[in-house]
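Residue numbers run from 1 in the order of the sequence given. What's counted below: heavy atoms across the whole structure, side chains too, no hydrogens, waters or symmetry copies.
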Amino acid sequence: MNRTEYLESLTEQIQNKHARQLVLEEITAHIEDQKEACLLEGKTEAEAEETAVREMGDPIETGSKLDKIHRPKKDIWMLGAMVVLTLVGIIMQSIICAGFGNEWIAGSYSSRTILFNLAGFGLMFAVYFADYRLLGKYILPVYGVYLVLAVLVRNMPHYEYGNYLLFCQTVHILFVPLFAAFCYAFRGEKGKGILKALGLLLFNILFLLFTGSYLSATMFLSVAACLITLCAAAWKGVFGGRRKRQTGVLIAFTVGVPLLLLADTLLFHGRILHLAEYQIMRIRVLLNPDAYGAGYQTLLVREQLSSASLFGGGSIGKAGELSGAWCDYVLICLASYFGLLIAIAVVAAVCAFLVRSLHIAFLQSNRLGFLLGVACSSILMLKTIIYVAMNFGIGPMIGIDMPFLTYGLHCTLLNFLFMGIILSVYRHTNLLPELKKEAPRYRLKLEKAGRS
């Protein structure tokens, strides 16, 4: 049996069409390595080829074993955890929503939350079964559509300012998986690829600011997730070159940016980064809410937390009377109503889910899957950390949500979109080969002119 016949028989056993190419490349590489070893032993080209193929074993048996490996994966634990956490969130929110001061929200809270989560699950499953490499393959046109939508969101009429803020937050956060795909597009370009990624990040920030967005906490959150993704790309060796040096420099840059922001606020009153007065005050209040008289929300949450019991008291407390409590203060209301033990257990369950999502990313040999997994896990983790800190009185009071616990269509769809990407990455583990990087269409060919 020659090499062609062997590979045909073997790949016929692989059911998944994407996995066939992956297996074909893997087995071909093994045959080439074995052939080289046989040639070093003094065998002829034909003898080395025949021996290498024969030593690969029976093609039917080998193909059947590889088929069991290269099949779509189903993470039942993740899917089950999503269902349980969603149900727990809906039930707990429905119980405590009666105490919210907004009668319109309280009257339709449960039905709307159920509809929002059903829509989120539908979006998640649509992404789950899709080939995530499409984002890497068509990243330029996708980013073009993103920029157009960003402009449209800024100029479309908004009946409430809150809706405008939600749309802007959505635009900021959606850039994170796009940035991961761009990092993959710059693979193998070493320092040049890293500079391209940083330049793209800066361009996106300036574009959003010039088209009417604002320097918000959500923008800083998305930038932080992008920088984490960039550091992960360098650590994984996506850009090529000295990955340890690249990772160290990028980590120093990632830590240095918030330190610069803090120093600018405390020492130069925001002149370097041109921060608005209210933005400076927010940072100062975060550092010392007692000193400026503006941290009443933080102080209220701390007071309510200190009086919360381990087993609950059946009241959502004063935090439930604040504006937007159904979005911003669900966790502290939950702690007051159900008790600190239940609140901590819910937070621990969500954190376990997110740690598992990050672990999925690190299982990937496909670098695009790795980057998308890290990007989506990072944004979900950052949102959760900030939300928990905010509801426990140790973090900034900003308009951020927590997966599974907070009310809203935009945030629910975004969270399920990111979870769908993570599950799609896991589903296609050991199935999807790397995208081939296209060579430049135009090359300058130099030839040495001969003497006449």
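- Nearest heavy atoms, L201 versus V223: CD2-CG1, 4.2 Å.
- R356 forms no cation-pi arrangement with F353, by the criterion of a distance under 6.0 Å to the ring centre and an angle within 45° of the ring axis.
- Ring geometry for F404 versus F416: interplanar angle over 60°, hence perpendicular rather than tilted (30 to 60°).
- Between I194 and L250 the shortest side-chain heavy-atom distance falls below 4.5 Å.
- Taking 4.5 Å as the limit, some side-chain heavy atom of T406 sits within range of a side-chain heavy atom of C411.
- The side-chain heavy atoms of C376 and V176, taken from C-beta on, include no pair separated by under 4.5 Å.
- No side-chain donor-acceptor contact under 3.5 Å links D401 and Y407.
- When all heavy atoms are compared, the tightest approach of V330 to Y387 is N-OH, 3.0 Å.
- The shortest non-hydrogen separation linking H428 to A130 is CE1-O, 3.1 Å.
- For the atom pair H410 NE2 and F116 CZ, the distance stands at 9.5 Å (nearest 0.5 Å).
- Rounding to the nearest 0.5 angstrom, the gap separating the CG atom in L140 from the CZ atom in F182 is 5.0 Å.
- Judged purely by atom type and a 3.5 angstrom limit, Q246 has no side-chain atom pairing as donor or acceptor with the backbone of C231.
- Here the CZ atom belonging to F179 is positioned 6.5 Å from the CG atom belonging to L200, to the nearest 0.5 angstrom.
- Of all non-hydrogen atoms in I400 and D328, the two that sit nearest each other are O-OD1, 3.9 Å.
- Heavy-atom neighbours of F129 CZ from other residues, nucleotides or ligands within 6.0 Å: above the threshold of 12.
- Here the SG-CD1 distance, from C226 to I379, works out to 7.5 Å after rounding to the nearest 0.5 Å.
- Put simply, CG on L178 and CD1 on I139 are 5.0 Å apart, with the number rounded to the nearest 0.5 Å.
- Because its NZ or CZ atom is not both nearer than 6.0 Å to the ring centre of F239 and within 45° of the ring axis, R187 does not count as a cation-pi partner of that residue.
- Under the 4.5 Å side-chain criterion, counting only non-hydrogen atoms from C-beta, N366 is in contact with Y132.
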For this session: Determine, stepwise, if the pair V388 / T384 fulfils side chain to side chain contact (heavy atoms under 4.5 Å, CB included).
Result: CA-CA 6 Å; V388 172; T384 300; 4.2 Å; yes
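- Side-chain contact check for N117 versus T113: some heavy-atom pair is nearer than 4.5 Å.
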For this session: Let me see the working for H359 and L363 under side chain to side chain contact (heavy atoms under 4.5 Å, CB included), right down to the final yes or no.
Result: CA-CA 6 Å; H359 180 250; L363 292 175; 3.8 Å; yes
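- Taking the side chain as every heavy atom from C-beta outward, M82 and L87 never approach each other to under 4.5 Å.
- Under the 4.5 Å side-chain criterion, counting only non-hydrogen atoms from C-beta, M419 is in contact with L380.
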For this session: Given side chain to side chain contact (heavy atoms under 4.5 Å, CB included), test L221 with H172 step by step and report yes or no.
Result: CA-CA 9 Å; L221 186 68; H172 295 157; over 6 Å; no
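- Here CG of L198 is found 8.5 Å from SG of C183. Values are rounded to the nearest 0.5 Å.
- What you find for N391 and L331 is that their closest heavy atoms are OD1-N, 3.2 Å.
- Checked by atom type and distance alone, the side chain of Y426 never pairs as donor or acceptor with a backbone atom of I421 at under 3.5 Å.
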For this session: Determine, stepwise, if the pair L368 / L372 fulfils side chain to side chain contact (heavy atoms under 4.5 Å, CB included).
Result: CA-CA 6 Å; L368 177 58; L372 287 174; 4.1 Å; yes
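- Looking only at distances, a side-chain donor or acceptor of T247 sits under 3.5 Å from a matching main-chain atom of W235.
- Checking side-chain atoms of S306 against main-chain N and O of E303 turns up a donor-acceptor pair under 3.5 Å.
- Closest non-hydrogen pair, T229 versus V374, comes out as CA-CG1, 4.2 Å.
- Taking the side chain as every heavy atom from C-beta outward, K383 and N415 approach each other to under 4.5 Å.
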